[in-house]
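One structure is given here, and the rest of the page talks about it.
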Amino acid sequence: MPANTKFELKLGAPTREAFGRTLAELGKENPNIVVGDADLTKSTMTTYFAKAFPERLFECGIAEANMVAIGAGLAMSGKIPFVSSFSAFIMTKGFEQMRCLVAYPNVNLKVVGTHSGISIGEDGPSQMSMEDLALACALPNFTVLSPADEVATKWAVRWAANHVGPVFIRCGRVKAPVIYDADATFEIGKGVELLGGTDVTLVATGLLTAECIKASDILAGEGISARVIDIHTIKPLDEELLAKAARETGALVVAEEHLVDSGLGARVAQALARHAPAPVEFVGLTRYAESGSPDELLDHYGMRAPEVAAAARKVLARKK
Amino acid sequence: MQKTSNPAELAGICRQIRRHIITMTGAAKSGHPGGSLSAVEILVTLYWDVLRHDPAQPRWPERDRFVLSKGHAAPVLYGVLAECGYTPVESLNTLRKLGSIYQGHPDVRFIPALEASTGSLGEGLSVVLGMGLAAKLDNSPTRSYVVLGDGEIQEGQIWEAAMFGAFHKADNVCAIVDYNRIQLDGFTKDILDLEPLAAKWQSFGWHVIELDGHDIAALQAAFAEAAATKGKPTVLIAHTVKGKGVSFMENNPKYHGVAPNAEEIELALKELA
Ligand SMILES: Cc1ncc(C[n+]2csc(CCOP(=O)(O)OP(=O)(O)O)c2C)c(N)n1
């Protein structure tokens, strides 16, 4: 029996929903928490915070760059601001403000990008964010989080509120399979080994973590033992855990709903080149997508367990 | 297509476009009906009466340019492009489906007759100013038009572009603000008020015309005035009703981004018969 039957992968809340709920809880606990949104409160789910604490919710209108800079000013005055919009807009339109006003002076702003990846679906490429991890990781001082499910998101938002310094959290639109028990604990900068394995390691983040668990099942059926690691902290990266996996399994696949050339995969490859060179294959996006239902798009653009399993076979063939 | 200046004929075309918007978004079960319905008269007057364009030669170099900067209102543009003969009417109901040319937001990769891919708000005014500058360099009679959302003009880039357009005397550019007073989260006045809007554009150096954006004769007169205005760009502040033409959608923020269900489609089409 494959080991990973321990994961049911039942659909849970979207990570943006978990973000919104947790933010409203935090608002109750800490009067210093303030929130900025850019005409998307009902989509980013800051609407829960807005209803509970209207005086601490700053509706900035459709003006993301201004919102990020206003958030920086709030932070410079001792508030703990969370600013949120679709990841595609806040990370691009607000990037320069994050660079000069937040990253470089190390200001305590929390940036939450929702509707990331192609799984936003029907709205299409202009609203899809597949460059956001690259942008966020490019900023020194930023901690970059990409939780896979509602449990991990709740932790990520709470961690961000308590940490002094800039944080980016990546959330999604659709319901995410539940991976963690409600009482699971996480450590910043530490990946989670979800499944042990000896032949190959599947490294994933976000929605692809569940796909890697399923892929390990497919591979188990072929006699291949796959280790699965969830990377919720993209930066700082858990280089130690990855190097250990490279040494012990000798081959890796990295899977993410992001451009392959600039996301988690590129960072893992850099870490391994430094500490424990090993063959790596990459599952991710290579071009702009199109409109479609989230499920159809994830199928069409190869963001599923079968593609992860195929990449694992390919990398195993390269393993010496 | 048969071009016309007859307001009654144009009104008939508007009704047909509204029916497309309802059936299209209804079939997609998602999309943005409200802001599509508010811009119908503006687009129909442009495409049937004002723009110099030819569906048989979509890339004719001297054509006038149109950019829908508020790209989420794609259904109105798709209805218009289809009725003009640029794209098939039969497949309008594939809106937002995988492989459809009718993408969630206008996408030049799928419809080459589009001038620009839009969807990230705040960018279209700059784009048509670039087109206007190019037309001047080429001594081309091309005029360039852009439809902006009222929420959209909260973006700072719009005001950078406004300053640029006046400074460069871009009199071959005409912007239309679809002033339907509602954005995504609610009423614009409650989110980030734009008033005094006409005074803002005036102070930025634009020729400003305020009008009822559903009054076809008024739109025709305004576009003629814009073309005759030299030395500065023109902005039409078109007072409109979000969801116009469908009683239960009118002025109702819910229908910004919610498609009509089966029952609502039937009701709406009855009203638009
Ligand atoms: C830069 C950017 N921010 C946010 C959005 C999400 N969004 C889509 S439509 C919309 C509201 C637009 O309101 P308005 O411009 O008034 O359009 P209309 O009411 O005419 O539909 C928002 C916030 C976007 N498309 N682009």
Side-chain angles (χ1 to χ4, degrees), chain A residues 36-47 50-51 54 57-70 84-94 96-97 115 118 120-129 173 287-301, chain B residues 25 27-32 69-72 74 94-110 116-124 148-160 182-194 253-254 256-259:
Chain A
D37 203 289
D39 196 28
L40 282 164
T41 61
K42 293 170 200 157
S43 305
T44 61
M45 297 297 164
T46 58
T47 183
K51 287 213 177 92
L57 183 289
F58 298 101
E59 171 62 88
C60 297
I62 309 171
E64 296 79 8
N66 186 48
M67 174 171 74
V68 169
I70 285 175
S84 183
S85 179
F86 284 10
S87 214
F89 305 133
I90 196 166
M91 282 315 296
T92 54
K93 301 216 186 213
E96 204 284 325
Q97 289 72 13
H115 297 69
I118 59 172
I120 180 174
E122 290 82 356
D123 274 340
S126 66
Q127 328 284 300
M128 288 170 177
S129 182
R173 173 187 170 215
R287 60 199 157 114
Y288 287 105
E290 63 196 281
S291 293
S293 73
D295 274 333
E296 279 175 332
L297 289 175
L298 291 168
D299 289 345
H300 190 79
Y301 286 87
Chain B
T25 53
K29 297 191 166 65
S30 72
H32 300 84
S69 190
K70 42 170 256 184
H72 58 278
T94 62
L95 177 73
R96 295 178 148 247
K97 299 213 165 75
L98 188 63
S100 172
I101 63 164
Y102 298 118
Q103 293 281 298
H105 292 75
D107 190 329
V108 293
R109 299 174 305 168
F110 291 84
S117 294
T118 51
S120 179
L121 294 167
E123 300 179 340
L148 308 167
D150 49 6
E152 174 179 22
I153 67 175
Q154 292 161 345
E155 285 284 359
Q157 184 181 344
I158 294 290
W159 302 99
E160 296 177 22
I182 296 176
Q183 53 193 110
L184 191 145
D185 270 341
F187 290 90
T188 302
K189 69 170 170 39
D190 302 326
I191 289 172
L192 189 59
D193 197 5
L194 305 167
K254 174 181 163 191
H256 167 78
V258 172

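Basis for what follows: all heavy atoms, side chains included, without hydrogens, waters or symmetry-related copies. The sequence lines fix the lettering, A, B, ..., with proteins before strands; numbering per chain opens at 1.
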Under a 4.5 Å heavy-atom cut-off, does chain B meet the side chain of [X], its backbone, both or neither?
| X | answer |
| --- | --- |
| A/Leu297 | side chain |
| A/Ala289 | backbone |
| A/Glu59 | both |
| A/Asp39 | both |
| A/Tyr288 | both |

### Query
Are the side chains of A/Met45 and A/Ser84 in touch, meaning some heavy atoms are under 4.5 Å apart?
no

### Task
Would you mind reporting whether A/Tyr301 and A/Arg287 have side-chain heavy atoms less than 4.5 Å apart?
yes

Side chain, backbone, both or neither of [X] within contact of chain A (heavy atoms, under 4.5 Å):
| X | answer |
| --- | --- |
| B/His72 | neither |
| B/Glu152 | backbone |
| B/Thr188 | neither |
| B/Leu192 | side chain |
| B/Ser30 | side chain |
| B/Phe110 | side chain |

### Task
Could you tell me whether the side chain of B/Ser117 and the main chain of B/Val108 form a donor-acceptor pair under 3.5 Å?
yes

#### Entry: Residues that A/Glu296 engages under side-chain hydrogen bond (donor to acceptor under 3.5 Å, both in side chains), provided they are two or more places apart
A/Ser293

#### Entry: Intermediate values then yes/no, side chain to side chain contact (heavy atoms under 4.5 Å, CB included), B/His32 and B/Thr25
CA-CA 7 Å; B/His32 300 84; B/Thr25 53; over 6 Å; no

### Task
Considering only heavy atoms and a distance below 4.5 Å, find which of A/Lys42, A/Glu290, A/His300 pairs most often with chain B.
A/Glu290

### Reported OG1-to-CG distance for the pair A/Thr41 and B/Leu184, which is rounded to 0.5 angstrom
7.5 Å

### Query
Hey, what do you get for CD (B/Glu155) to CD (B/Glu123), rounding to the nearest 0.5 Å?
8.0 Å

#### Entry: Pair A/Asp123-B/His105, side chain to side chain contact (heavy atoms under 4.5 Å, CB included): steps then yes or no
CA-CA 7 Å; A/Asp123 274 340; B/His105 292 75; 3.8 Å; yes

